[in-house]
Amino acid sequence: PRAPIEDIRRSIDEEPDLRMDDFEAIGGYTWVGVQARQLEGESQKWEEMGVRAASDEFLKASEYKFKLIAEGYGTTGEDVWQALMSDPNLAVVGGNVVSTSEGSDSEDSDPWLEKPYYNDEKMSAVDVEIREPRTGAVVQLKVIGVLDRIHENSGSMIVSKSILDDAIPFPIPITNYRFRLADGVDPKEVARGMEASLLEHGMDTEVLEEELAKEAAGAKTFFRLFIGF
């Protein structure tokens, strides 16, 4: 955050050891801690919430799967992300933000959206508001989709970064980037090159394929021990 990259594509293009042709898509986001509540919900308590404020490039390239899409906002993920790019007052939430069904979730989960339910077959858009705790700035949003619970955003919200840029009086730099590489490009080599070339910005890279393989290896070890017993 103290040395943000103002223009990631230009930064890559200016580095002799990096090639723009290696990248199929580039998108950025930053995590912002906010408080959230449903406008027409019975409980008007502000709940702590993590928001991923994403660039249009990130939204356009996203392939996250949706469990529910609000009526009137299309039928595919592409429709939803296009809606967020066209109207920054829209948002999507992860599956753990809503209850599975009425009275079905355990005490360990803490969904704050009272409706829809995760197991519903359809949903209507839900009016919510978020509050930035340091400034007190309040932004009203309309939730138009619920993401599948299987991925990393299951307990958070995704919005267009532009809505927070307009509401918060200090700059919110992009602090995280995702890179989709072109076919045949070695991700390890690109990761090393990115870290070396953008060291002044504190670039720290992870090859997601490797991280997923590590997680899978741990799970496989557990199941093998379980089967052995």
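As a basis for the values below, the full set of heavy atoms in this structure was taken, side chains included, without hydrogen atoms, waters or symmetry mates.
In the displayed structure, Q44 atom CD is contacted under 6.0 Å by more than 12 heavy atoms of other residues, nucleotides or ligands. Within 6.0 Å of CZ in F226 there are 12 or fewer heavy atoms belonging to other residues, nucleotides or ligands. Within a 6.0 Å radius of NZ in K60, other residues, nucleotides and ligands contribute 12 heavy atoms or fewer. More than 12 non-hydrogen atoms from other residues, nucleotides or ligands lie less than 6.0 angstrom from CD of E211.
Scanning for side chain to side chain contact (heavy atoms under 4.5 Å, CB included) contacts around K220 gives R224, with sequence neighbours left out.
Applying the under-4.5 Å side-chain rule to Ile, Leu, Val, Met, Phe, Trp and Tyr, the cluster around L225 consists of that residue alone.
The only member of T175, I172, T30 that meets side chain to side chain contact (heavy atoms under 4.5 Å, CB included) when paired with P1 is T175. When each of L90, N89, D87, D56 is paired with S160, the side chain to side chain contact (heavy atoms under 4.5 Å, CB included) condition holds for D56 and for no other.
Residues D79 and T76 have side chains that bring a donor and an acceptor to within less than 3.5 angstrom of each other.
For E129 and R131, the salt-bridge test fails: no basic side-chain N is under 4.0 Å from an acidic carboxylate O. Between R37 and E47 no salt bridge is recorded (no basic side-chain N to carboxylate O distance below 4.0 Å).
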Donor-acceptor pairs under 3.5 Å, side chain of residues 186-198 to any protein atom, not counting sequence neighbours: which ones?
residue, atom, partner, partner atom, Å
D186, OD1, K188, N, 3.0
K188, NZ, E210, OE2, 3.4
E195, OE2, T205, N, 2.9
E195, OE2, T205, OG1, 3.0
S197, OG, G193, O, 2.9

